[in-house]
*Asks:* 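This is the structure I have questions about; it appears just below.
Both counts, for ligands and for their atoms, begin at 1 and track the order of listing. Nothing here was measured: the structure is a model prediction, and the numbers come from that model.
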Amino acid sequence: MCGIIGYVGQRPLKEILLNGLKRLEYRGYDSAGIAVQHDGSVSMVKVKGKIRHLERRIASMDLSGTVGIAHTRWATHGEPSDVNAHPHTGCGRRLAIVHNGIIENYQSLRTLLLGRGHKFITETDTEVMAHLVEEHLDDEHNHSLEEAVRLALLEVDGTYGIAVIDARHPGMLVAARRGSPLVLGIGKEDYFIGSDTAAFAEHTRDIIHLNDDELAVLTTDGYVVKTLQDERLNPEVEKITWELDQIEKGGFDHFMLKEIHEQSQTVQDAMRGRVRPESVEVKLGGLQDHQELLVQAKRIIFTSCGTSWHASLIGRRLIEDFVRVPVEVEYASEFRYAQPIFTPDTLLITVSQSGETADTLAALQLAREEGGPALGVVNVVGSTIARETDAGVYLHAGPEIGVASTKAFTSQVTVLGLIALLMARLRGTLSKKKCKGILAEMIRLPGKIRQILDSSDDIERLAEHFDGAGNALYLGRGYSFPVALEGALKLKEISYIHAEGYPAAEMKHGPIALIDDDMPVVILAPGDHIYDKVVSNIEEIRARKGRILAVATEGNDSIAELADWVVYVPKTLDCFYPLLTVIPLQLLAYYVAVRRGCDIDQPRNLAKSVTVE
Ligand code: AGP
């Protein structure tokens with residue numbers, strides 16, 4: 001997704017802006033650009049391609065100054081090109097603006113501005129805002145940059161996170177947000193703006209999250225935060241809670257591999273301070289003052305996207321098994337345009353790693369309009385979804401940089417298990433003894449995950465069997481069906497091999513026609529209550545010469561006679577097998593993609609956080 005970094009201060013401007021963009025590379029982009037205000041003018045350079053191309057282009061340029069902005073673009077309106085890259089400017093070339101989000105009414109504004117003599121040079125929606133701000137700067141009212149930006153934004157429908165500089169306002173940067181995240185960084189004598197804290201975390205840990213319809217003015221003398229209605233605010237300065245090296249690779253070849261290997265730690269962190277098996281207690285601070293929502297809910301709706309949707313499917317089974325409340329799981333992109341039925345005792349739970357996914361946020365806002373209570377299960381602290389729900393539980397998984405989500409998935413499932421157990425305890429649907437046993441097993445999971453990760457070489461060797469594969473099938477039943485979906489998504493999104501997750505028993509209703517000796521089949525076969533049925537499915541596939549990789553429980557020697565290859569995981573409770581069986585599938589996708597020479601951390605066409613429709 002697009003990235004923004006802005007700076008006001010005396011430090012080397014070009015270096016701060018370029019390094020800030022590099023910290024945001026993981027978000028996925030197709031072009032990059034920079035603008036600096038100095039000596040009564042604005043210099044702007046932008047290129048299609050990677051930041052290193054921009055760096056080469058400006059290497060010999062004098063871009064000194066005290067204020068500048070920079071941007072990485074993930075195209076939404078207008079193809080990736082030099083001219084469509086941000087920043088954008090108006091007719092007079094005296095201002096520069098960078099923008100994340102989508103201007104819904106840009107066509108009508110463009111027509112209006114063309115009618116008033118403006119000339120456009122790009123296909124982007126963002127350029128419209130540049131001309132609007134320019135109009136308010138150039139009219140007879142002698143508006144300040146802050147006033148011009150505010151007036152322009154009052155004409156805009158849609159979402160934005162913007163940063164603006166202008167030749168006639170030396171040392172000043174104006175930023176504003178609606179629906180696309182922006183964070184201020186408060187230095188000792190300088191100030192930053194970023195689409196996320198990674199852009200400037202090496203310079204300051206003091207941050208302010210801008211809320212929707214808020215605007216910030218940064219100058220070398222300080223900063224001001226206001227509403228779009230010009231009301232001055234006094235926002236709390238928060239601290240960044242994670243260390244910078246958490247966004248470095250830590251010796252691994254890719255962020256994705258690092259994050260796969262972090263999972264014994266991150267699953268533990270998801271439980272830290274929240275699980276007390278001896279007292280059979282689950283303590284979720286974020287829900288402490290909202291437990292009535294857990295007790296009163298007669299119907300629960302999960303809404304999420306992608307991997308988070310797969311985690312939600314597991315959350316559904318956990319809650320239905322432990323709490324005996326009906327649960328529905330909705331794709332947010334579908335839910336937001338449906339006409340869902342909310343009753344006062346319907347509880348919405350949004351699951352999102354980034355907390356900024358546009359579809360999930362829109363689904364949440366739909367529920368809020370209906371007056372429904374909503375919880376968030378989110379990783380990014382202070383993200384929009386986290387702030388727009390009534391309450392929630394953070395994953396504490398640290399920044400997830402790899403576009404393919406891995407540690408967030410296992411942390412989401414862990415947190416959803418804690419929420420299910422807390423609900424069960426509050427509603428008395430699980431005996432103390434049963435709950436104690438579940439919690440006792442839960443705290444053993446990080447060690448079991450570590451055990452699987454320690455045998456990752458075995459999985460690396462299996463990747464060669466996918467050489468040349470054009471398709472793959474992932475099969476599972478019960479708690480393992482969402483894991484089959486997740487394993488298939490991992491393979492698809494980083495190796496570009498088409499893979500389909502399917503309920504194992506559904507094979508006979510059509511997909512079994514696909515089975516032949518060219519089709520690798522990955523089947524989840526843990527020693528759970530439905531294992532014998534899965535064995536029948538394996539037999540059906542063998543009879544049709546399918547090549548089978550089974551994920552099974554250690555000690556199960558018989559499955560080695562049925563499958564071509566077997567990866568073992570430690571024994572656990574049925575409900576916790578997803579936290580173990582997903583690890584080999586993550587590693588398999590990773591090693592297959594490495595063998596295919598794919599871009600592991602920034603797969604083609606994908607972005608880490610899809611903040612547009
Ligand atoms: C998962 O590997 C993908 N990157 C994608 O499906 C992702 O899970 C989805 O976009 C939802 O993102 P979120 O969890 O940040 O809302």
Side-chain angles (χ1 to χ4, degrees), residues 1 26-28 74 179-181 195-196 198 254-257 259-260 263 266 302-315 329-336 348-365 374-389 392-395 397-413 415-416 474 482-483 485-496 499 501 582-583 585-590 593 598-613:
M1 201 43 29
Y26 71 88
R27 300 163 63 98
W74 189 63
S180 189
S195 41
D196 80 34
H254 300 99
F255 283 114
M256 181 182 178
L257 188 60
E259 289 152 10
I260 289 171
Q263 291 178 102
T266 50
F302 278 108
T303 189
S304 43
C305 302
T307 286
S308 298
W309 187 79
H310 298 152
S312 301
L313 290 173
I314 296 169
V329 182
E330 295 280 356
Y331 276 119
S333 54
E334 288 295 304
F335 188 74
R336 66 182 289 188
L348 186 87
I349 301 179
T350 56
V351 181
S352 173
Q353 188 284 133
S354 62
E356 302 298 347
T357 300
D359 287 325
T360 308
L361 181 57
L364 168 62
Q365 289 164 340
L375 300 182
V377 174
V378 175
N379 191 35
V380 177
V381 175
S383 58
T384 305
I385 289 171
R387 288 184 287 122
E388 294 209 3
T389 45
V393 185
Y394 282 124
L395 302 185
E400 186 177 67
I401 308 298
V403 166
S405 190
T406 50
K407 64 178 183 176
F409 175 78
T410 47
S411 294
Q412 286 167 342
V413 172
V415 165
L416 291 170
Y474 284 67
V483 180
L485 294 173
E486 175 59 12
L489 176 62
K490 289 286 101 43
L491 189 72
K492 272 191 282 252
E493 66 178 329
I494 64 168
S495 76
Y496 315 144
V582 77
I583 309 288
L585 305 192
Q586 295 168 342
L587 289 166
L588 178 68
Y590 172 79
C598 296
D599 186 342
I600 301 289
D601 287 325
Q602 296 172 37
R604 68 184 182 197
N605 308 340
L606 289 180
K608 181 56 187 170
S609 175
V610 187
T611 55
V612 292
E613 275 203 65

*Asks:* Using a strict 4.0 Å cut-off to heavy atoms of Ser308, name the atoms of ligand 1 that fall inside it.
*Replies:*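 What qualifies from ligand 1 is 8 (O), 13 (P), 14 (O).
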
*Asks:* Are Ser312 and Ser304 linked by a side-chain donor-acceptor pair shorter than 3.5 Å?
*Replies:*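 There is such a pair (donor and acceptor under 3.5 Å, judged by atom type) between the side chains of Ser312 and Ser304.
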
*Asks:* Under a 4.0 Å heavy-atom limit, does Lys608 contact ligand 1 with its side chain, its backbone, both, or neither?
*Replies:*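 Answer for Lys608: neither.
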
*Asks:* Which of parallel (below 30°), tilted (30 to 60°) and perpendicular (above 60°) describes Trp309 and Tyr331?
*Replies:*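 If you compare the ring of Trp309 with that of Tyr331, the planes turn out parallel.
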
*Asks:* Just need the protein heavy atom nearest to atom 12 (O) of ligand 1, so name the residue and atom and give the distance.
*Replies:*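 The closest heavy atom on the protein side is Thr357 OG1, 3.4 Å.
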
*Asks:* What protein heavy atom is closest to atom 11 (C) of ligand 1, reported as residue, atom name and distance in Å?
*Replies:*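 For atom 11 (C) of ligand 1, the nearest protein heavy atom is Cys305 O, 3.5 Å.
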
*Asks:* Nearest protein heavy-atom contact for atom 6 (O) of ligand 1: which residue, which atom, what distance?
*Replies:*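 Here the closest protein heavy atom is Gly306 CA, 3.2 Å.
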
*Asks:* When you check the side-chain N and O atoms of Gln586 and Gln263, is any donor under 3.5 Å from an acceptor?
*Replies:*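 On atom types as modelled, these side chains qualify, holding a pair under 3.5 Å.
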
*Asks:* What atoms in ligand 1 come closer than 4.0 Å to a heavy atom of Glu493?
*Replies:*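 The list of qualifying atoms is 1 (C), 2 (O), 3 (C), 4 (N).
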
*Asks:* List every atom of ligand 1 that sits less than 4.0 Å from any heavy atom of Ala404, numbering the atoms from 1 in the order shown and giving each element.
*Replies:*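 Counting from 1, the qualifying ligand atoms are 2 (O).
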
*Asks:* Can you see whether Glu356 engages Thr384 through a side-chain donor-acceptor pair at a distance of less than 3.5 angstrom?
*Replies:*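 Indeed, the side chains of Glu356 and Thr384 share at least one donor-acceptor pair under 3.5 Å.
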
*Asks:* Are Thr307 and Ser405 linked by a side-chain donor-acceptor pair shorter than 3.5 Å?
*Replies:*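 Result is no, nothing qualifies.
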
*Asks:* Please check if the side chain of Asn379 supplies one atom and the backbone of Ala397 the other of a donor-acceptor pair under 3.5 Å.
*Replies:*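 Checking the backbone N and O of Ala397 against the side chain of Asn379, a donor-acceptor pair under 3.5 Å is found.
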
*Asks:* Ignoring hydrogens and geometry, is there a side-chain-to-backbone donor-acceptor pair from Ser495 to Lys492 under 3.5 Å?
*Replies:*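 The answer is no, because no donor-acceptor pair under 3.5 Å joins these two groups.
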
*Asks:* Side chain or backbone of Thr307 under 4.0 Å from ligand 1, or both, or neither, by non-hydrogen atoms?
*Replies:*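 Both the backbone and the side chain of Thr307 come within reach of ligand 1.
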
*Asks:* If you have a sec, work out which protein heavy atom is nearest atom 10 (O) of ligand 1 and how many Å separate them, to one decimal?
*Replies:*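 Going by distance alone, atom 10 (O) of ligand 1 is nearest to Val610 CG2, 4.1 Å.
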
*Asks:* Could you check whether any heavy atom of Lys490 sits closer than 4.0 Å to an atom of ligand 1, since that is the contact criterion I want to use?
*Replies:*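 For ligand 1, residue contact (heavy atoms, under 4.0 Å) with Lys490 is present.
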
*Asks:* Check each of Glu259, Glu400, Glu493 against Lys608 using the salt bridge (Lys or Arg N to Asp or Glu O under 4.0 Å) test, and report the only one that passes.
*Replies:*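 Only one of Glu259, Glu400, Glu493 forms a salt bridge (Lys or Arg N to Asp or Glu O under 4.0 Å) with Lys608, namely Glu400.
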
*Asks:* Could you say whether the N/O atoms of Ser405 and ligand 1 ever approach to under 3.5 Å?
*Replies:*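 N/O-N/O distance under 3.5 Å: yes.
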
*Asks:* Check whether any heavy atom of Ser609 sits under 4.0 Å from an atom of ligand 1.
*Replies:*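 Per 4.0 Å heavy-atom rule, Ser609 does not contact ligand 1.
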
*Asks:* Based purely on interatomic distance, does Val403 place a nitrogen or oxygen under 3.5 Å from a nitrogen or oxygen of ligand 1?
*Replies:*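 N/O-N/O distance below 3.5 Å exists for this pair.
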
*Asks:* Going by atom types alone, do Gln412 and Gln353 pair a side-chain donor with an acceptor below 3.5 Å?
*Replies:*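 No pair is found: no donor N or O on one side chain lies under 3.5 Å from an acceptor on the other.
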
